Structure formats: C-alpha cells, structure tokens
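Only a predicted model underlies this, so the values are computations on that prediction, with no experimental measurement involved. Chain letters run A, B, ... following the sequence lines, proteins first and then strands; every chain starts at 1.
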2 protein chains.
Amino acid sequence: MLTEVVEEYLEAIYKMSLNGPVIAARLAEWMKVSPPTVADMLKRLSDKGLVKTSRRDGVKLTKKGLETAETMVRRHRLWERFLTDILGLNWDEVHEEACKLEHAISSPQVEEKLADILGHPETCPHGHPIPGTRGARKREKEAKPLSQCSVGDEAIIERVADEDSQLLQYLASLGLLPEARVAVKEIAPFKGPMLVNVCGAQYALGQEVAAKIMVKGK
Amino acid sequence: MLTEVVEEYLEAIYKMSLNGPVIAARLAEWMKVSPPTVADMLKRLSDKGLVKTSRRDGVKLTKKGLETAETMVRRHRLWERFLTDILGLNWDEVHEEACKLEHAISSPQVEEKLADILGHPETCPHGHPIPGTRGARKREKEAKPLSQCSVGDEAIIERVADEDSQLLQYLASLGLLPEARVAVKEIAPFKGPMLVNVCGAQYALGQEVAAKIMVKGK
DNA sequence: ACAATTAGTTAGACGACTCTTATTTTAGTC
DNA sequence: GACTAAAATAAGAGTCGTCTAACTAATTGT
C-alpha cells in the first residue's frame, strides 16, 4: 500500500514530465520541500519500483509509477467535477479539496461509480483532460500557452492552471474560461502585457497570467 | 491542525463512551494497536487539550475533543449516505470508504453542501443518527440490543453495527434492516439462539448477532 | 578556462505513530 | 491480607516524512 505522500510525489512527477525532464530541484520546489527531502523520497520511490532516476534523464516514472500517477490524476479531476457539478462549489475552491479526496478512494469500483454519476466527463472544470478518457494524453500535450501566441492569433482556451484560487477567480471574472475564444490584439514590448479580446471585451493580461492559460490554435 | 490518526482516536473515544467509561486497554483493542501506543497517544491528545484522563473516570473528551469527534462522525455518516444513495454502493461496502473520506473534508461549507444534496438525512444507512440533526444523541443512547429482549417482545430495528461487512450482508439477506419490525418468538437456553420473526419469516439468530442489532422497544 | 550559479549529497536531528519486552500498579477474590 | 488477573507504565527501537547546515559536483556564461 502506498502512502498519500508517495501518491502526491508521483502525481507531481507525472504533471511535471508533461513539460520536459523532471529534476529533483524542480520537484523540491513543486512539492514545497527541501532538496534532501526529495532525495530521500526518490530513494524510497526507487526502492518501491515506482521511478527510475538517472543523471541523464532525471526522474522517470516506471510503468507501475505511471499507472498510479494517472489513477490519482483521474480521481483528482473526477472529484473536482463532483465538487463543481454536484456540490455546486466554485471552480477556484475545488483543487485543494480534491487533493485530499483523491487519496480516499479505495477501489476502481468506487472510482467508476463516481465517473458514472458524473457522466464520464472528459475534463476537469479547469479544462484538464481526465486520464482514462480517449486522447487525454494527446490533448494534454497539444495545447500551448497563450503567452506564446502572436498578434492577430485567435485561439480557444483549452485549460487553465488550477492551483491558484485567486488566479481562477480573476480569470472567471474576465470570462477566460475553457472553450472561450480569445483573439490577441496587441503585445506590448519588453515582455509587456498582451491585449486580448474575449466575449467582445478587451483586457490587458500580464505575461505571467497569459502563461497559465493553455490554448489550442484556432 | 489535527492528523487523521488523532481524528480516528477521538471518534473511537466518542463511540465507546456511549457505552460507559472508556479505558485505555479497550481503546487499544478498538484501534487495533498496542497499549503503549494508546498511552503515547493519550498523552498527545491531553497535551492538545482534546481529552482528560483520570484513574477514576478513564478517558473523557473535552469540549474541543467532543466537537471534533462529532464532526468526524457526522462526516462519516454523511459520506455513507452519499455512497449508498448517490453512488449506489451496498450498505456493507460503505463503512471503510467513509472512514477515509471523513478526513478529506476541509471546511464546514463543503460538509453542508454535502448534507444539502443528500436532503439532510437523520441517519446513516445502518440507522446510526447523524450528529447535528435533532435528537441524535438521545436516539443513540435509547436503543437496546435485540439480545436483551424477552420472548414475546416486539420491536423495531433502530440500527445495526456497521463495521463488519459480512454481518451486514447476512442481515440484509434476512431483511434485518433499520425500520424492520421483529418479534422474539423463543430463546433457547444456555445463551442459545433466539428465534425471531421478521417480514413473516422466522430465523434463528445467535446471541452474537442479536447483540449487534439495536432496537427501540415496540 | 574559470568563476559563479545550480544541483545534489552527507550528516544529524526531530515529531508522529507504531512496535516488543519487561516491569509495576491496581483491583478483585478468596 | 495474599494472590491473581488486568491494566498501565517504562525502556528501547524502528519507519516515514520532514528539516538545517555544510559540503561537493556539475553546468554554464563570458
């Protein structure tokens, strides 16, 4: 049996590896722990056959590690849907809650029942694909950050970073939700803000924010 | 912030104290840990102001401890209802699951939303009152075990022990569910089985089993 | 090529929770 | 009052997950 903390690390490695190789120092930042703590944990994860670490490739999930990680991500996102769609929480309140709930499912049967009542959704409320639905991996990798678009580009919001409650409130207030169509009107020089059009209104978005909005090319 | 283990101990103490004074040795059995482990934990619980222990009265929850315990029990039973009523699990499958879920609720708000969608039930699927609904404490204390009934007694099943999955399956197969009316027809001597009538059928129940069925006098 | 940043490692520690084994109290019984 | 059974305590240890401080190795920019 795996501990919750182990599951959290696997999930982190999984998510980080969608953006290139995972190194211990980054993992320490992500998990908000010190480097030696990560080193200890990687040792334990290795011993359990959940990851392989090498100087060259960094941290890689083994098949077993990947399976666990995907299960956790799936459960996390299913719970997020439950919290918004059924309990009626706001999309900025559900991430934290789901972080705990994801570890409290004991069997694939319960997970499936949950998916059943939710109607087998393909994404979480923030637009992230739910592993286990077709094309989840592919969608996860295809989108690009809005910050990388050029003036004149039009795009559809695919998903947004789900961890920062304040950011989510802000995005919702501007209508920057998954499926919304955005058009880049102007980009101020020197990494300045980006003027975008959404739902007929125009807003200036900082690079920071734009980097957290993933879009699919129009 | 309290750990899950601390919450589990408080819950155990709460439930045990409904049947008289709680002593460390019993608590160790209930929690399936060794006596020194319990002693350590009681020390920690005392330090946190959650319990008071004395030679004379055993372990008592403080106001703060009681509040926490009731919250946990309430969440546990709400999740059980969710698991049966909404996810469609069987009543023998939900206790374990709810044991984990109860610790994964971060705020009274989420708890309330859950109660809302469940229609503010008064009991869990096994008939145990949900703290926070009126008269919960009273109902919890009023019922008596079926094993203490006499020949000729008629009674309504109030609740059944919820921890043993096999027992629950067995009870369900006989129709021994909360709200069912039972009549004691015969009690074999020397602590022998009890012949009871339920839904027109007659069954012999061992003392062990009868002790786990709580009834309200007709 | 070398200084400077970044990454990783070693060593020692601590809190939470658990164990076993052994001993001491306490309570109950004859 | 003495003896036994049950309960509690003491002592010592181990795992998991975390820390800080100090040190070494690897990269990288100029």
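Looking at the side chain of T3(A), the nearest of the listed nucleotides dC16(D), dT9(C), dT18(C) is dC16(D). In the set dG17(D), dC19(C), dC19(D), dG17(D) carries the atom at the smallest distance from any side-chain atom of V6(A). Which of dT9(D), dC16(D), dC17(C) sits closest to the side chain of R44(A) comes down to dC16(D). Distances from the side chain of A25(A) to the nucleotides dC17(C), dA7(C), dT9(C) place dA7(C) closest. Distances were taken from every side-chain heavy atom of P36(B) (C-beta onward) to each of dG17(D), dC19(C), dT10(C); the shortest belongs to dC19(C). In this structure, of dA7(C), dT9(D), dC19(D), it is dC19(D) that holds the atom nearest to the side chain of V33(A). Candidate nucleotides dT18(D), dC17(C), dA8(D) were compared by shortest atom distance to the side chain of R55(B), and dA8(D) ranks first.
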Kindly indicate, with the supporting measurements, whether the criterion side chain to side chain contact (heavy atoms under 4.5 Å, CB included) is fulfilled by V33(A) and L27(A).
-> CA-CA 8 Å; V33(A) 296; L27(A) 190 50; over 6 Å; no
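Using a 4.0 Å cut-off, some side-chain N or O of Y9(B) falls inside it from OP1 or OP2 of dT18(C). Between R26(A) and dA7(C) there is a side-chain N or O to OP1 or OP2 distance below 4.0 Å. Residue T37(B) places none of its side-chain N or O atoms closer than 4.0 Å to OP1 or OP2 of dC17(C). For the OP1/OP2 pair of dC19(D) and a distance below 4.0 Å, the side-chain nitrogens and oxygens of S34(A) include at least one atom meeting the criterion.
Ion pairing of R74(B) with E112(B) is present here, as a side-chain N (NZ or NE/NH1/NH2) and a carboxylate O approach within less than 4.0 Å. One finds no salt bridge joining K216(A) and E142(A) here, because no Lys/Arg side-chain nitrogen approaches an Asp/Glu carboxylate oxygen to under 4.0 Å.
By the ring-ring contact (aromatic ring centres under 6.0 Å, His included) test, Y14(A) is found to be paired with no residue, residues two or more places apart in sequence or in another chain being considered.
Remark: the backbone N or O of K48(A) is paired with a side-chain donor or acceptor of K64(A) at under 3.5 angstrom. Judged purely by atom type and a 3.5 angstrom limit, T62(B) uses its side chain to pair as donor or acceptor with the backbone of L50(B).
If you take CE of M31(B) and P of dC19(C), they are 10 Å apart, rounded to a whole angstrom. Look at CG on D47(B): it is 13 Å from C1' on dA16(C), rounded to the nearest Å. Spacing between atom CD of E4(B) and atom P of dT18(C) amounts to 12 Å, rounded to whole angstrom units. What separates CG of L42(A) from C1' of dG17(D) is a distance of 13 Å, to the nearest Å. Summarising the geometry, the separation between CG on L50(B) and P on dA16(C) is reported as 13 Å, rounded to the nearest angstrom. Going from atom NZ of K43(A) over to atom P of dT15(D) covers 12 Å, rounded to whole Å. Rounded to an integer number of Å, the gap from E8(B) CD to dA16(C) P is 18 Å. With rounding to whole Å, I23(B) atom CD1 is found 14 Å from dT25(C) atom C1'.
Within the 4.0 angstrom heavy-atom criterion, only backbone atoms of the sugar-phosphate kind lie near A24(A); the bases stay farther away.
Map K48(B) and V38(B) each onto its nearest nucleotide of DNA chain C; the residue landing nearer the 5' end is K48(B).
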